[in-house]
Amino acid sequence: MKKTVFLGTLAVAGALAGVASADTLADVKARGELICGTNTGLTGFAAPDASGVYQGFDVALCKAVAAAVLGDSTKVKYVPLTGETRFTALAAGEVDLLVRNSTWTFSRDTDLKFDFVAVNYYDGQGFMVKKDLGVTSAKELDGATICIQTGTTTELNLADWFKANNIAYTPVNIADDAEGQRQLVAGSCDAYTADASGLAATRATLADPENYIILPEIISKEPLGPVVRHGDNNWGDIVRWTFYALVAAEEFGITSANVEETATTTQNPEIKRILGVEGDLGAFMGLDKEWAKRAIAQVGNYGEIFAANIGESTPIGLARGLNAQWTQGGLQYAPPFR
Amino acid sequence: MTDSSDRSIAFARETMLPAREPPVSQRGIVRWMRENLFSSPMNTILTLLGLGLIFLTIRAALPWFINGVWNANSLAECRAIIAERAGPDASGACWAMIRERWHQFTFGFYPPDQYWRPILAFGLLFAAIAPVLFAGQKRNLMVVIAGVAAFLLVTLYLASTPLLAFVFAAALVIVLAVLSQTQPGKLMWFTVLYPALTFYLLWGGSIWEPVTAMFGFVIIAVTYRLLVERIGVAVSSAIGVVLAMLWWLFIDAHVADALASALPLALPKVNSDQFGGFLLAVTIGVTAIACSLPMGILLALGRRSDMLLIKTLSVGFIEFIRGVPLITLLFTASLLLQYFLPPNTNFDLILRVIILVTLFAAAYIAEVIRGGLAALPRGQYEAADSLGLDYWRAQRLIIMPQALKIAIPGIVSTFIGLFKDTTLVAFVGLLDPLKGVTQIVRADINWKGIYWEPYIFVGVIFFVICFGMSRYSMSLERRLKRDHR
């Protein structure tokens, strides 16, 4: 440890500017471990369980990438990142991949020099109110006090939307979701606004969920997705296509249970290409033939991941909505594997 | 005459009457209440208001505590149990969350089969600071070591410690107990070795890493001993530090590797990202407290120095660090340093945070000690000079003991503040007990919506630790006060 201290000091003295390595794939393979930036704790998306193992919808994507690249979905080191530290950690090369319910915006993509390689969850900002407030639409919230987390895009969205609809509101600043829930229950604010997925989870854990409703208006677009650094396009491709392999697997009915069987029996040439039975798609990205097969086998397809972590059978109970397959009226649409 | 007077006076009392009790309003509880609670109309009103407030608080909080549930698997279950026991409108605490997650509040993600290591390190911490706190007082030393032994016996048993480690701990405690009664001065050596031992226990890996790292300090000590007579304190320590640096930078790792391959003694390695909860708070707090005191003393002396360069550097350091909020320094540790380090350097985040927290505390300690130095009468300095003591001897034997004694309350309150400030590391994504662990517990759908319980649990533990520090400082002040009676 001492040694690292002094090496570190020396390095600072030498002012060696850190430039993240350009070949993330080689780094990850050499390390034998994927370093994945996650949320410090977000219900259903990323949280350690009682034994300290990270679980969740975002975490599953980290696992899938590890399975594709390293062959083992458990070879992931999770770095919990706060809203403030996430992008710097990624830019400085502390993490290989950031899957931390981060909204894809223009400035993050361009100004911060990141690539949002896919959208694994289409979210949007909504409102939750007490039923006895008698409000059925967000447009009736004129003059309401609204609980809102400070320093987030939700705060800006709220201001924009109320201005556009020419109604007034009083913001009540809160620090985190637990406080928002508390203030709403205590009646300190009339409405609580946050991402709709978070509102659903919050409502599910209230003592009397039947007395609260989530208003139908979704006032913003929050496409959440995995983020990588600019400049290492091959690594971006790997993350992107690992995700699309999971989406395509659901479309073609490949599940973690039947993936082996499908690989031997299928006649569909695209499934054969995905599972590495025919052609060698993985080689274009520096991976082996069975990268996608391993990802599907070890973490399941997109639908399975959704159902296991945040779907309607879980206490969070999110409907697929925008996140359904394009064939079901949703937006999840994997480009062809060809 | 005596006769007649006997007759003329009908009655004469020959013994004193026993003193009558004072009236009810002037004694016992009534008097106490009159004096302390109802001495004037204003105080009467305030007392009644206060009693009313206490009553309201208790009425609101007591049922919540009484209805507390310890056995449940989720918040929903807790609510069901409370509703069943106390009626549908009752509220109650859900302590079951603490029951299920206490190990994360205590150890973070430290591997459960290795819990004995932090426990042992924590127990030995008291044995290590006892010689500093109670120098030479055999009775107090024995009390502390007996306490450590009892604590370790129970907790190590509960943590199902491997037999070998248990025997090692027992042997160590017995040796310390014997030493404390025969040669209490020698106990200091354990204090000196303790950081290396703890580092090894907490992080694991090869035993030779801390051993060779400690050897660097041996180099400093030997160089100092050899050269101090000839070239003075400052230069000889500087040469020692340079030699030790060379050792740490270029030789240390090779020797450690060679020794490790010759005699592989290792504990399973635990990474820093597995640290969390109170383990993290205590690690950061204790390291920063231990390192910041000597640094603070040097800075305080530097600030009062006549040498321009040293004075300017000390003042610059102190004023810069004190002028910047701790959170800024933490963000520097977590974000900025990464940009200056070479790519792929694995410079441990906890270590970075410890270093900056230490610097932060050192700047405050320096000012507190400077206050102590300033309070000493000028005569003390002159007396030291007139005895022919050189600068360092004068500081060590005359100035510092008095200055530190004056500064004790300030030093301890800085330490208490520092220990509580360790919770701020949550902002850089470390798992502090108050926010970090609470957040991951709340992210579990089973416990989402829980609010007061984790805060109360963590708050009580912080209170116990800080209150202990404050009581110790008060007793220390009383003990050192003799000359000013």
Side-chain angles (χ1 to χ4, degrees), chain A residues 1-8 10-12 14-21 27 31 37 39-53 55-56 77-82 84-86 88-89 91-94 176-179 181-182 185 201-202 204-207 314-316, chain B residues 74-76 79 100-101 103-104 108-112 199 203 209-210 213 216 245 248-249 252-253 271 273-274 276 331 334-349 351-352 355 426-431 435-436 438-451:
Chain A
M1 191 169 79
K2 281 285 174 290
K3 189 184 63 189
T4 19
V5 181
F6 291 113
L7 278 182
L10 270 196
V12 173
L16 289 166
V19 182
S21 169
D27 289 348
R31 203 189 298 128
N39 199 306
T40 43
L42 180 65
T43 313
F45 283 82
D49 60 16
S51 47
V53 182
Q55 308 286 0
K77 180 180 157 190
Y78 298 98
V79 177
L81 296 169
T82 64
E84 290 87 10
T85 57
R86 54 181 167 179
T88 331
E94 262 186 90
D176 56 20
D177 184 62
E179 198 187 332
Q181 184 172 348
R182 228 191 136 66
V185 172
T202 303
T205 54
L206 287 168
T314 65
I316 305 173
Chain B
S74 71
L75 185 58
R79 284 175 180 147
E100 191 190 280
R101 295 299 187 104
H103 59 279
Q104 283 180 347
F109 298 144
Y110 211 84
F199 169 68
W203 275 273
E209 273 175 44
M245 287 261 197
W248 282 321
L249 280 179
D252 183 353
N271 285 325
D273 55 347
Q274 290 167 287
F331 277 126
S334 132
L335 306 177
L336 209 56
L337 278 182
Q338 275 299 310
Y339 282 111
F340 294 116
L341 297 177
N344 294 320
T345 321
N346 183 19
F347 189 27
D348 200 294
L349 179 58
L351 200 58
R352 283 183 267 165
I355 291 174
F427 289 100
V428 293
L430 290 179
L431 271 185
K435 187 159 186 285
T438 302
Q439 194 170 9
I440 65 164
V441 171
R442 284 203 192 117
D444 186 334
I445 188 77
N446 288 331
W447 304 116
K448 193 175 158 64
I450 209 157
Y451 196 76

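Numbers restart at 1 for each chain; the letters A, B, ... are given by sequence-line order, proteins then strands. What's counted below: heavy atoms across the whole structure, side chains too, no hydrogens, waters or symmetry copies. Just so we're clear, the structure is a prediction, and the values are computed from it rather than from any experiment.
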**OP:** Identify the two heavy atoms, one from B:Arg442 and one from A:Asp176, that lie closest to each other, and give their separation to 0.1 Å.
**Re:** NH1-OD2, 4.2 Å

Subject >> Non-hydrogen side-chain atoms of A:Pro315 and A:Thr205 separated by less than 4.5 Å >> reply: no

Original post:
Is B:Trp248 reaching over with its side chain to a backbone N or O of B:Ala213, donor-acceptor style, under 3.5 angstrom?
Top reply: yes

Subject >> Portion of A:Glu179 that has a non-hydrogen atom of chain B nearer than 4.5 angstrom >> reply: both

Subject >> For chain A, the option from B:Tyr451, B:Phe331, B:Phe427, B:Phe109 that forms the most heavy-atom pairs under 4.5 Å >> reply: B:Tyr451

Original post:
Measuring heavy-atom distances to chain A, does B:Arg101 have an atom under 4.5 Å in its side chain, in its backbone, in both, or in neither?
Top reply: side chain

Original post:
Quick one: side-chain contact (heavy atoms from CB on, under 4.5 Å) partners of A:Thr314, sequence neighbours excluded?
Top reply: A:Ile316

Original post:
Where the side chain of B:Asp444 meets the backbone of B:Asn446, is there a donor-acceptor pair that is under 3.5 Å apart?
Top reply: yes

Original post:
Relative to chain B, which of A:Ala178, A:Ala204, A:Gly41, A:Ala50 shows the most heavy atom pairs under 4.5 Å?
Top reply: A:Ala50

**OP:** Name the option with the most non-hydrogen atom pairs under 4.5 Å to chain A; the candidates are B:His103, B:Glu100, B:Gln104, B:Gln274.
**Re:** B:Gln104

